[in-house]
Amino acid sequence: MSDDHGPAHYIRIWAILVALLVVSVIGPMFEIQVVTLITAFGIACVKAYMVAANFMHLKTEKTLAVYMLVTCLVFMFLFFAGTAPDVMKTEGTNWDKPALRAMIAAGLAEGADHH
Amino acid sequence: MIEQYLPALSTYAGDIDGVITLIAVLTGFWYVLCNIVFFGFIFRYRAKSGASEYITGEEKELKRWVTIPHLLVLVCDLFIIYGAVRVWVDVKQTLPEQPYATVRVVGQQWAWSFVHPGADGKLDTADDIKTVDDLHIVKDKPYIYELVARDVLHNFSVPVFRLKQDAIPGRVIKGWFTATDTGVYDIQCAEICGIGHGVMGARIHITTEEQHAAWIAENTPANLATAPAAPPERKPLAATALAAR
Amino acid sequence: MAMRPIATTRAMTGIPTGRLAVWWVIASEIVIFGGLLGSYIMHRLVNPQWANYAIHTNTWAGAFNTLVLLTSSLSAVLAHHAATHGDGKKAARYLWFTMAGGGIFIVVKAFEWTHEIQLGYTITANAFWAFYYTAAGLHALHVIAGVVIMGIISVDCLKNQELHRVELIGNYWHFVDLVWIFLFPLLYIAK
Amino acid sequence: MAESVPAESAHAHDHHDHHEQSFASKYLFSTDHKIIAMQYMFTGLAMGLIGAFFAYAFRMQLAFPGMDVPFWGQVSAAEYNALVTNHGTIMIFWVAMPVLIAAFGNYLIPLMVGCDDMVFPRLNRLSYQIFLLSAIVLIASFFVEGGAFGGAWTAYPPLSAKAEYSLTPLGSSIWVVAVALEFVAFLLGGINFVTTAMNSRAEGMGMYDIPVVIWMIVIASILFMASVGPLVAGAVMLLFDQTIGTNFFDPDRGGDPVLWQHLFWFFGHPEVYVVLLPAMGITADIMAVFARKKLFAYKTILYTTFATGVLSFMVWAHHQFVAGIDPRMAHVFTITTLLISIPIAELCFVYIATLYKGSITLTTPMLWALAFLFEFLIGGVTGIFLGASGADIYFHDTYFVLAHFHYTFFPIAIIGTYAGITYWFPKMFGRMMNDTLGKIHFWGTIIPFNCIFIPLFFLGMGGQHRRIYNYENFPELAGQGMQDLRVFATVALLVMLAFQVVFVINFIVSLRSGKKAENNPWRANTLEWQTPSPPPHGNFGSEMPKVYRGPYEYSTPGREEDFWPQNAPS
């Protein structure tokens with residue numbers, strides 16, 4: 001690996017990561033769902049990118065390695081896309097999950113009691 | 001093709017058989033063609049007939065012989081996709097708008113039970129008729145079935161209808177059929193469901209409307225002092241296995 | 001180590017063999033965690049009531065553990081830096097620091113889980129907790145494995161041997177960190 | 001891409017002058033890729049015997065219900081389920097994978113890419129040891145209380161997840177553990193194969209100089225690594241459901257059984273290609289050698305294989321058309337499934353085109369290779385019926401499906417293996433196999449094979465569904481005509497099994513007293529034939545080969561010989 005990344009560079013990256021962590025913890029305190037989603041998952045993606053690019057040196061690694069990892073990620077999105085229409089829904093064309101819907105309703109009601 | 005082995009007794013059975021025939025013709029053509037070329041080459045180019053020729057397969061005039069059939073296969077595929085999707089939409093995605101009745105089909109280890117609407121034609125009323133391993137329906141009438149499972153996966157399969165659908169615990173799955181002739185035929189469980197899977201069969205009784213009315217009158221719970229009969233005698237194994245549990 | 005096959009000394013892709021293999025390990029780990037987390041996300045989105053269960057996870061413990069892992073990743077990459085400069089002793093020290101991070105992570109986890117289990121939120125309580133313990137548990141196993149391997153490598157480092165392995169374990173460790181970066185919002189923040 | 005590390009011969013290595021080793025360190029704990037390949041092969045073949053024995057037991061029960069099967073006894077319903085379940089599991093995970101990928105991969109990759117061993121020899125040994133452990137664990141499940149798991153090799157929950165449904169409290173957990181261990185073994189092995197082939201090729205061997213069989217084993221390993229993850233996660237979830245009572249797949253407590261089906265088939269379908277590709281590769285190499293022809297359109301083969309690999313990740317739910325997925329999704333998967341027939345058809349066309357203007361010698365390996373193509377074609381075209389959603393409504397879970405996938409898996413696992421063994425036997429053991437016995441065995445296997453499975457297509461069309469221990473309970477299936485077909489298939493199976501004895505005899509006799517094999521008895525181009533038979537430890541002696549050309553330069557114009565080894569300087 002080439003030597004342009006000195007310890008100072010790594011520490012700078014680390015500092016940014018910690019700052020992002022703080023933001024992602026504070027984000028949900030506003031209790032606005034959009035803000036939570038962005039601060040939690042948007043920032044997770046940014047953090048992931050920074051770790052992968054800088055600490056794992058994927059920035060300077062041969063593109064082959066990046067392709068390998070990205071291909072596997074893409075396959076996971078395929079899996080999600082093919083599976084979610086059944087698992088992520090309570091009803092669809094000519095099918096229905098009454099048991100699950102009852103459970104969701106009961107769970108939500110119980111949650112409402114708590115607050 | 002399939003009618004030679006089993007009668008086609010639902011309105012869509014012919015369509016499904018049609019798709020099967022379509023695929024048989026198209027793939028059969030390619031299969032025969034491939035084999036003629038394949039065995040032709042083996043015979044024509046055996047070692048005795050001389051040395052081999054240097055061909056890379058990148059020559060345009062030769063590559064054509066692979067590329068063109070390959071595109072033709074794609075065209076055949078499109079026909080098959082069209083045929084299959086059309087039948088699928090009809091069988092699995094559309095429900096009759098004005099069904100004659102809805103029956104509930106319940107799979108459990110290792111028997112089918114059926115809930116028929118009584119004289120009022122509605123499910124979940126007092127006059128529902130529950131049976132074990134016998135489904136009674138009227139010919140030429142569109143039925144909707146509601147498929148549920150009590151314990152594990154089962155598959156509601158009526159071969160003469162060309163119908164199969166898994167029953168999944170936690171889900172209610174709907175589908176339909178319209179029988180085209182009377183008679184008594186098999187219902188099978190076509191998804192392994194434990195040691196009694198091999199005895200999990202039932203019978204479908206397709207009758208005329210009059211016969212069905214008579215059957216309803218005879219079996220309406222008011223007339224029936226006891227619960228539905230236990231699974232019939234032909235299932236000694238299921239009984240012992242259940243006892244073991 | 002006397003006889004290492006010639007095969008190991010070649011690098012036709014331009015990526016040294018060890019590193020290439022670790023990339024493959026990570027690729028196959030991506031699909032393992034991908035399958036598990038994908039399943040979790042599907043369930044989570046269809047079950048809005050899970051938010052009521054997620055409330056009982058301790059965000060501060062999760063955030064602290066994220067900090068610990070991020071920091072240990074920093075020391076892992078510094079160990080790698082030291083190793084590329086041939087300083088085995090320094091690399092070993094950084095590795096120990098990373099191992100300490102892994103240790104702290106596990107200890108915090110242990111306290112967290114003990115508390116949750118005492119409150120009755122066990123793995124069998126409902127599907128949320130089942131996913132919570134399975135996903136975090138699988139990740140924790142990776143942390144433990146990483147710490148053990150790092151320990152073995154650090155011994156070689158002290159003798160200035162096999163220094164290229166510091167990078168390999170480092171890349172693995174960063175991946176473990178990466179998984180946690182996603183687990184943290186999925187299990188703790190989304191409420 | 002191709003820059004090689006210099007000063008290789010400086011490290012000139014003295015692998016071959018080892019001291020006398022003890023039997024254990026030479027054969028049991030060796031890190032030599034050839035020994036590990038043999039370990040995988042013999043373990044796989046032994047497991048194949050067990051799988052074949054299971055098939056014998058349950059086919060006898062089907063042909064003669066209630067009979068006392070010799071060497072087994074009465075086959076009860078529970079035993080029948082356990083037998084079919086473990087027959088499937090063993091044949092795919094413990095025969096096809098170890099023999100085709102692990103054994104041939106281990107043996108061929110270092111030899112054919114011109115290096116001395118795998119890049120991680122000890123990892124390789126570990127992979128075999130875990131595999132052996134997994135085999136022992138699986139077999140152990142037959143001896144625990146409640147018996148072996150009987151919920152089919154697909155292990156759909158809730159049947160597989162709850163002991164009160166499966167009635168095999170220990171068997172199902174042991175099954176899951178065995179399968180998971182097997183996955184670990186092949187993940188380790190796969191990383192080794194892929195890295196070796198990517199990084200450790202001989203000097204001068206570019207991407208397009210790699211023999212097709214190596215390409216295919218490598219792509220298969222990659223497919224395995226990229227698809228098995230969700231099932232590993234699923235196996236953990238299922239194991240937890242079974243043992244500690246979590247509810248991942250329990251619909252009464254918020255789980256979803258359909259999730260398992262997706263996790264399983266997301267792996268299960270690429271798995272078909274994982275075992276198919278190595279067999280395709282073996283066939284390609286054999287066909288080129290015995291037709292004395294360059295493979296037709298080498299690059300096309302590679303590209304179509306890549307296309308198949310990628311598409312294989314998009315077709316999985318065609319196994320679930322009527323299994324409760326949303327009917328709208330069936331359209332997507334019908335389209336992708338029929339699309340995957342395009343690259344596979346292309347591969348078949350290209351293979352046939354390789355024979356064009358060749359000079360074909362019908363040696364035993366060549367017969368096996370041609371038979372592979374012939375039988376696989378039947379498996380391929382019958383697959384179209386099942387991939388088309390409309391037709392699958394009827395064919396799902398019938399014997400048509402069963403016959404279809406045996407027409408793919410038998411060519412893959414059995415024909416492909418025999419092709420490989422008969423072709424590389426001289427290299428592996430330094431002796432030639434007997435060609436006459438080989439041909440008797442060939443016809444004695446191929447003819448009964450078709451006699452077993454063609455009747456099953458008709459049974460399937462007649463509506464016979466799978467995994468039923470006795471069809472007397474289904475009036476439509478209990479007819480004499482159908483029973484006659486079942487008996488016919490069973491008798492054919494017995495004949496086929498009997499002919500395997502010929503192979504065993506041939507193997508043993510040739511091993512002890514076969515004609516000594518030269519280095520390159522088939523006059524082939526690839527690197528493994530350019531070293532002594534059997535190759536010494538370190539494979540190529542002190543000088544590692546250099547590669548000057550592709551692997552299929554047969555009958556090149558202007559050369560006296562009709563072959564041109566990859567490492568021969570021009």
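In what follows, every chain begins at residue 1, and chains take the letters A, B, ... in the order their sequences are listed.
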Chain D heavy atoms under 4.5 Å from [X]: which part of the residue, side chain, backbone, both or neither?
{"X": "Val46(C)", "result": "neither"}
{"X": "Ile15(C)", "result": "backbone"}
{"X": "Ala27(C)", "result": "neither"}
{"X": "Phe131(C)", "result": "both"}

Partner chain D: residue of [options] with the largest heavy-atom pair count (under 4.5 Å):
{"options": "Ala130(C), Ser28(C), Pro16(C)", "answer": "Ala130(C)"}
{"options": "Ile30(C), Ile32(C), Val25(C), Thr8(C)", "answer": "Ile32(C)"}
{"options": "Leu20(C), Thr122(C), Leu138(C), Leu36(C)", "answer": "Leu20(C)"}

Whether over 12 other heavy atoms sit under 6.0 Å from [X] [atom1]:
{"X": "His115(C)", "atom1": "NE2", "value": "no"}
{"X": "Lys546(D)", "atom1": "NZ", "value": "no"}
{"X": "Tyr548(D)", "atom1": "OH", "value": "yes"}

If you compare all heavy atoms of [X] against all heavy atoms of [Y], which two are closest, and at what distance to 0.1 Å?
{"X": "Gly254(D)", "Y": "Ala127(C)", "value": "O-CB, 4.3 Å"}
{"X": "Gly35(C)", "Y": "Ala233(D)", "value": "C-CB, 4.5 Å"}
{"X": "Asp116(D)", "Y": "Ala7(C)", "value": "OD1-N, 3.0 Å"}
{"X": "Ser200(D)", "Y": "Arg10(C)", "value": "O-NH1, 2.8 Å"}
{"X": "Phe248(D)", "Y": "His43(C)", "value": "O-NE2, 4.5 Å"}
{"X": "Thr195(D)", "Y": "Ala21(C)", "value": "CG2-N, 4.0 Å"}

Which value, rounded to the nearest 0.5 Å, describes the distance between [X] atom [atom1] and [Y] atom [atom2]?
{"X": "Phe249(D)", "Y": "Ser39(C)", "atom1": "CZ", "atom2": "OG", "value": "7.0 Å"}
{"X": "Asn247(D)", "Y": "Thr124(C)", "atom1": "CG", "atom2": "OG1", "value": "8.0 Å"}
{"X": "Thr17(C)", "Y": "Asn199(D)", "atom1": "OG1", "atom2": "CG", "value": "4.0 Å"}
{"X": "Met198(D)", "Y": "Trp23(C)", "atom1": "CE", "atom2": "CH2", "value": "12.5 Å"}

(request) Report the option among Ala226(D), Gly234(D), Gly255(D) that has the most heavy-atom pairs separated by less than 4.5 Å from atoms of chain C. (result) Ala226(D)
(request) Name the member of Val194(D), Val228(D), Thr196(D) that forms the most heavy-atom pairs with chain C at distances under 4.5 Å. (result) Val194(D)
Which region of [X], side chain (C-beta onward) or backbone (N, CA, C, O), has a non-hydrogen atom less than 4.5 Å from a non-hydrogen atom of chain C, or is it both or neither?
{"X": "Met118(D)", "result": "backbone"}
{"X": "Asp256(D)", "result": "both"}
{"X": "Leu187(D)", "result": "side chain"}
{"X": "Phe266(D)", "result": "neither"}

